[in-house]
Amino acid sequence: MQLPPDKLPLIVILGPTAVGKTKLSLQLAKKYQGEIISADSRLFYRGMDIGTAKPSKEELQIVPHHLIDVTDPDDTWSLGRYKDACVRLIDEIHRRGNIPFLVGGTGQYIRAITDGWVVPKLSPDERLREVLNEWGEEIGAEALYERLKVIDPEAAEKILPGNMRRMVRALEVIFKTGQKFSSLRKKEPVPYNVLQIGLDRPRHIIDERIDARVDEMMQNGFLEEVAHLLAHYSKDVPSMTAIGYSQLAEYLEGSLDLDEAVEEIKKVTRKFYRRQMTWFKKGDERIDWFDLSEVSISDIDLCIQQFLSE
RNA sequence: GCCGAGAUAGCUCAGUUGGUAGAGCAUGCGACUGAAAAUCGCAGGGUCGACAGUUCAAGUCUGUCUCUCGGCA
């Protein structure tokens, strides 16, 4: 297979939850001798399978997959870890002469790769975060925001005043590195020739697919999966904030009926779809959009052929 | 049939001593650089059940009617 001479190709398949990314990307990756790198913040964790709609064991064997089941639920992965690992993997795949397929729905992770984000190299300091959170609670989010505005006005501009979590991260970086958070927020050139394939479907179809998928998850033992996880991990570990897991944990604690929990899962998944679409815009020229309810795989295939022959 | 409670945003409900309405959720839109399936923000949307009366002014007071829920028959 002939690869573009200057920059090596990276095929990104992005799209919202329940659209059908897994199935399609498997077919395409198989055809083009590809390897799939997951761009999904909840597929890292072993044992979180049903509720994350993780590809099945069989599917994982069709083509090589990366960044799935790489750690346990109490070992939190994050943007920085993701970016480092992903960049390394893309390089390795290119060396093997294969094509990397970045597939997923976590907009932040995808943009870190496609837009060359330079993520501040500072791993989280849980104790400092705790201190900062307490401080914020004490003086109020607004007051904390005023402090941030004084220390790093540029960073403050990018953060909404009520958003404690993002303020805490910014202050954490500032206090530990002695540098402004905003000054560490850089971009670098992207060393790949990137094709972005966006998958979507009409909204009412997505809603139907979400409902059906949640029901299916419940039938496939989602509740048992959550119960099993809770026997080993606290429900407060970040991975357990995944959609579905937190609601079923509430049911198991007795603070929610099962019916209510299932409805809630459907509801927040629909909300999640909308939030995902703020990363993947229809007006984004870099994305070739396909409506999976109308288009066949050969249309997408054609798009990839063109890209690879350029 | 009688007694009681209620009828306000798509839904669940607030609404002080009368001054033409708010919240949460839903919906739409958005932000996002090591928790991101997280976290945070903005917006639209109501002839306040109907009709009459009192009043400068009624979601709010009075009367009648319609409907809903509960209790008694």
Side-chain angles (χ1 to χ4, degrees), chain A residues 16-18 38-45 48 50-54 73-87 104-126 128-130 132-133 136 141-142 144-145 152 154-170 172-174 176-177 179-188 203-204 207 210 213-214 217 236-248 260 263-283:
Chain A
T17 187
S38 159
D40 193 306
S41 66
R42 300 287 120 128
L43 297 188
F44 303 134
Y45 305 106
M48 299 179 69
I50 298 168
T52 59
K54 192 177 282 174
D74 57 349
D75 171 41
T76 306
W77 266 54
S78 57
L79 178 64
R81 286 181 84 173
Y82 179 79
K83 166 110 204 259
D84 291 347
C86 188
V87 165
T106 302
Q108 189 195 35
Y109 291 6
I110 292 174
R111 288 298 164 237
I113 302 299
T114 62
D115 295 2
W117 287 7
V118 180
V119 182
K121 286 244 181 294
L122 180 79
S123 39
D125 179 335
E126 293 307 330
L128 178 56
R129 287 184 176 189
E130 221 171 284
L132 289 168
N133 266 308
E142 298 285 333
L144 191 67
Y145 185 74
D152 187 348
E154 253 184 276
E157 238 172 78
K158 291 278 184 184
I159 298 173
L160 291 163
N163 200 335
M164 279 278 274
R165 184 171 290 211
R166 299 227 303 119
M167 283 194 273
V168 164
R169 172 60 184 168
E172 176 184 55
V173 171
I174 293 165
K176 292 203 80 168
T177 65
Q179 299 181 67
K180 287 186 180 179
F181 186 56
S182 55
S183 72
L184 296 169
R185 208 187 118 100
K186 292 180 201 141
K187 281 188 183 178
E188 61 190 4
R203 182 60 196 277
H204 70 276
D207 287 348
I210 287 171
R213 193 168 74 169
V214 172
M217 285 173 178
D236 297 323
V237 299
S239 60
M240 290 295 283
T241 62
I243 291 171
Y245 293 85
S246 49
Q247 289 79 9
L248 291 181
E260 285 172 349
E263 276 315 301
E264 187 67 17
I265 293 169
K266 292 174 180 172
K267 196 171 85 184
V268 297
T269 307
R270 276 180 237 129
K271 217 168 172 172
F272 174 49
Y273 165 86
R274 284 174 260 145
R275 257 179 302 128
Q276 283 181 299
M277 293 311 271
T278 68
W279 288 96
F280 313 134
K281 300 257 202 259
K282 285 297 165 59

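Every heavy atom of this structure was used, including side-chain atoms; hydrogens, water molecules and symmetry mates were not. Proteins come first, then strands; the chains are lettered A, B, ... in the order of their sequence lines, and each starts at number 1. These numbers come from a predicted model, not from an experiment.
For B:rG6 and B:rC61, the P atoms lie 11 Å apart once the distance is rounded to whole Å. Separation of the P atoms belonging to B:rG30 and B:rU12 is 30 Å when rounded to the nearest angstrom. Distance check on atom C1': B:rA7 versus B:rA14 gives 15 Å, rounded to whole Å.
A donor N or O paired with an acceptor N or O is not found under 3.5 Å between the base of B:rC29 and the side-chain atoms of A:T278. With hydrogens and angles ignored, no donor-acceptor pair closer than 3.5 Å exists between the side chain of A:R275 and the base of B:rA36.
Nearest nucleotide to the side chain of A:R185, out of B:rC40, B:rC32, B:rA35: B:rC32. Side-chain atoms of A:S78 lie closest to B:rA36 of the nucleotides B:rG30, B:rU33, B:rA36. Comparing B:rA36, B:rG30, B:rU33 against the side chain of A:L160 picks out B:rG30 as the nearest. You'll find that the side chain of A:S123 is closest to B:rG34, out of B:rC40, B:rC32, B:rG34. Here the nucleotide nearest the side chain of A:W279, chosen from B:rG34, B:rA36, B:rA38, is B:rA36. Set against B:rA36, B:rA31, B:rG34, the side chain of A:T106 has B:rA36 as its closest nucleotide.
If you measure from atom CD of A:Q108 to atom P of B:rC32, you get 11 Å, rounded to the nearest angstrom. In this structure, A:W77 places its CH2 atom 15 Å from C1' of B:rA36, rounding to the nearest Å. Residue A:M48 contributes atom CE, which lies 11 Å from atom P of B:rA36 at whole-angstrom precision. Rounded to an integer number of Å, the gap from A:M277 CE to B:rG30 P is 10 Å.
Residue order along RNA chain B, read from the 5' end via each residue's closest nucleotide, puts A:K281 first among A:V168 and A:K281. For the pair A:I243 and A:V119, nearest-nucleotide mapping onto RNA chain B gives the more 5' position to A:V119.
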Contact pattern, 5' to 3', of nucleotides 23-28 of chain B - B, S or - by protein heavy atom under 4.0 Å
--SSSS
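Within the 4.0 angstrom heavy-atom criterion, no nucleotide atom of any strand lies near A:Y82. A:Y245 comes within 4.0 angstrom of no nucleic acid atom, judged by non-hydrogen atoms across all strands. The residue A:D40 sits close to a base: some heavy atom pair falls under 4.0 Å. Counting any heavy atom pair closer than 4.0 Å across all strands shown, A:K83 reaches no nucleic acid atom. A:G244 comes within 4.0 angstrom of nothing in the nucleic acid, heavy atoms only.
Side-chain polar atoms of A:T17 and A:R275 form no donor-acceptor pair below 3.5 angstrom.
The side chain of A:R169 contributes an N or O atom lying less than 4.0 Å from OP1 or OP2 of B:rG34. OP1 and OP2 of B:rC32 both lie 4.0 Å or more from every side-chain N or O belonging to A:R165.
Between A:Y109 and A:Y82, the ring planes are parallel. Angles under 30° get that label, and only those over 60° would be called perpendicular.
The pair A:D207-A:R203 meets the salt-bridge criterion, since a charged nitrogen lies less than 4.0 angstrom from a carboxylate oxygen.
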